[in-house]
Amino acid sequence: MQSRKSQNLLQGASVLAAAMIIVKLIGAVFKIPLGNILDGEAMGYFSTSYSVFSMIYAFSTAGLPAAVAKMVAEQSVRGRYQDIRKIRTLSVRLFFWLGIIGFVLMAAFSKLYVDLAGSGNALLSVLAISPAIFFGCMMSAYRGYYEGLRNMTPTASSQVIEVIAKLIFGLALAWGVTFWAQMQYESGGLVFGQVVSTVEELHRATAPYASAAAIFGVTISTFVGTLYLLILHKKKGDGITKEDLKYSPRPIRMRVLLVRLIKIAIPISLGSIVVNVAQFVDTLTIITRLDDAFAAHPAEMAAIFGGLIPADILAAGEGGNFIYGSYSGYALSVFNLVPAFTSIFGKSALPSVTAAWTARDRRGTQVNIESVIRMTCLIGIPASLGILAMAQPILTLLFPGKVAEVAIAAPVLSAQGISLIFLGLSSPLFAVLQGLGRADLPPKFMLVGVVLKFVVNWVTIAIPAINVQGAAAGTTACYATIIILCLIWLRKITGLRFHFVKLIIRPLIAGAACAGTAYVVYHTVLADMSSNGIKTIAAIGCGGIVYVILVLLLRGIYKDDILMLPKGEKFAKLLEKYRLLG
């Protein structure tokens, strides 16, 4: 059994960040060819099924591990290692049954869900992904356990293995179904039981099955990730020694731990779905309200989208699904990168803030919270403003063969750029509140934001001049409200004075310069260059260089942040030498 090694906030975040970079790169490799294998219609079915799955999956793979991590971190500070072992046993049993229940409920209510979403052809995709709920819950128990021991490596490695499996199986199955449909069409037979006479009809007949095949690759990947964690735990254990157990205080009764785990898990799990529940609102409102707009204002909607959506799709009444597929399958592929990266600070912050707050270390609590906010802003703000300025070139670079889908998605992605600043902060601040013992607050804040988003979506999307961009307005209103509430209560709970403006203003100045540089380089300096790919990469690279220089000159990085990194003392001395630390 290996000796137990704890990682501090930024060391843990570094491990998760390295894994997240790999995961997102592989995820991009998955989404880009998938977006070119499928079209807007099939991506609509894929996104409809993935939306409800990702909300439930976030509940299990983000919220439930956080609850376990919090309890384990608390007991670790107190040296109660027998309780830690009991928490692991308890969480595995509890999450096993939660996974079974989630799988059954998702499969049982799949027909009702797709009908509410206005996307009946997504039924097969929803059924294909429902078993992944069970495997996600099983992974949660082990990921949360190791995170509570401040060992982020098992979570990171399992995420990488999971996304590799998704890449292999998802693309292979999607391509295989598409190839088989093409073979059926060329042989003159039926295509999945339907009579097909044109290429357009072939695509429409194939779309539900290709989407289901791709989404089943996700189910397989969660099984592979679960299997890896089971093998890892069996081989390497958790690092708790016999001496740790021998001198540990008498354990708490299992029933007491169960009640405590449930009390912590429910609000944390509800808070963890903040990103996904907003997208779930999009699923329930965008297709329905766009279809309402097509019915009430056919001429105006045809003038806006007539040249982009294939005529047979419009004639079949699937225009709303095509627009939603373009938005969710292409714009959100880029949009979701930012919160995915900033959420790693929340994962690493929860046990660190919990430990400091439990030990009544006010200085340590403040350092950890300010570090979370600052580091999140250093990543989130330039990415957000960069997407605002470069949405069209980025989407064209990633999906060069999807002209219509990109034309629909780019304006929405650009409009959503500003909301990413708020969204990026939401998960880390929720984790901080959970670490402070107020896990009840994030679900309440989330409920306020989601209700506001639903109202904005419902009112604006049916207006032809606004259409799907109403979803961007709803997202901004949702997350801005959530962040304001988080900051107000953070100060109330701790009684500490946080320099919020100071934490945000320097990354904001540097981020604005970064986005402005990228925009000017793309549209002015390299305007005559024919290759969009080279122009986009060069513009983003120039923006990134300007950002790094300005962040250092403005002293946007602090010594406490650097010291928590591996070999941070050397970096801190170097930056201090040139007076580049805040």
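Index from 1, following the sequence. A quick note: this is a predicted structure, and the numbers were derived from the prediction, not measured.
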Given Ile484, which of Thr481, Ile482, Ile488 fulfils the side chain to side chain contact (heavy atoms under 4.5 Å, CB included) condition?
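Output: one option passes, namely Ile488.
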Does Lys453 form a side-chain contact (heavy atoms from CB on, under 4.5 Å) with Asp282? I'd like the steps, not just the answer.
CA-CA 9 Å; Lys453 176 170 175 57; Asp282 283 340; 2.9 Å; yes
Any non-hydrogen side-chain atom of [X] less than 4.5 Å from a side-chain atom of [Y]?
X	Y	result
Leu98	Phe95	yes
Val224	Glu162	no
Leu257	Met71	yes
Phe335	Tyr327	no
Leu425	Leu487	no
Tyr145	Arg85	yes
Met138	Leu229	no
Gln159	Arg143	yes

Tell me, with the steps shown, if Gln416 and Ile387 meet side-chain contact (heavy atoms from CB on, under 4.5 Å).
CA-CA 8 Å; Gln416 281 188 316; Ile387 287 173; over 6 Å; no
Classify the ring geometry of Phe445 against Phe430: parallel below 30°, tilted from 30° to 60°, perpendicular beyond 60°.
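Tilted, since the angle between the ring planes falls between 30° and 60°.
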Side-chain donor/acceptor of [X] to backbone N/O of [Y], under 3.5 Å:
X	Y	value
Thr226	Phe135	yes
Lys236	Ile231	no
Tyr547	Leu378	yes
Ser221	Val218	yes

Residue pair [X] / [Y]: nearest heavy atoms and the distance that separates them:
X	Y	result
Ala472	Val412	CB-O, 4.1 Å
Thr376	Pro428	OG1-CG, 3.6 Å
Cys377	Ile504	SG-CG1, 3.7 Å
Ala510	Leu550	CB-CB, 3.9 Å
Ser419	Thr475	OG-CG2, 3.6 Å
Tyr50	Ile129	CD1-CD1, 3.9 Å

From [atom1] ([X]) to [atom2] ([Y]), nearest 0.5 Å:
X	Y	atom1	atom2	value
Tyr228	Met139	OH	CE	12.5 Å
Leu227	Ser158	CG	OG	12.0 Å
Thr89	Ile84	OG1	CD1	12.0 Å
Leu116	Thr48	CG	OG1	12.0 Å
Ile505	Leu554	CD1	CG	10.0 Å
Ile133	Ile101	CD1	CD1	13.0 Å

Check whether the ring centres of Tyr113 and Phe280 lie less than 6.0 Å apart, and answer yes or no.
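Between Phe280 and Tyr113, which both carry aromatic rings, the centre distance is below 6.0 Å.
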One pair to check against side-chain contact (heavy atoms from CB on, under 4.5 Å): Leu436 and Leu490. What are the steps and the verdict?
CA-CA 9 Å; Leu436 295 172; Leu490 190 58; 3.5 Å; yes
Would you mind listing every salt bridge (Lys or Arg N to Asp or Glu O under 4.0 Å) that reaches into residues 424-450, with sequence neighbours excluded?
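Non-adjacent pairs meeting salt bridge (Lys or Arg N to Asp or Glu O under 4.0 Å): Arg438-Asp440, Asp440-Lys444.
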Test log, rule side-chain contact (heavy atoms from CB on, under 4.5 Å), inputs Cys514 and Leu385
CA-CA 8 Å; Cys514 167; Leu385 298 180; over 6 Å; no
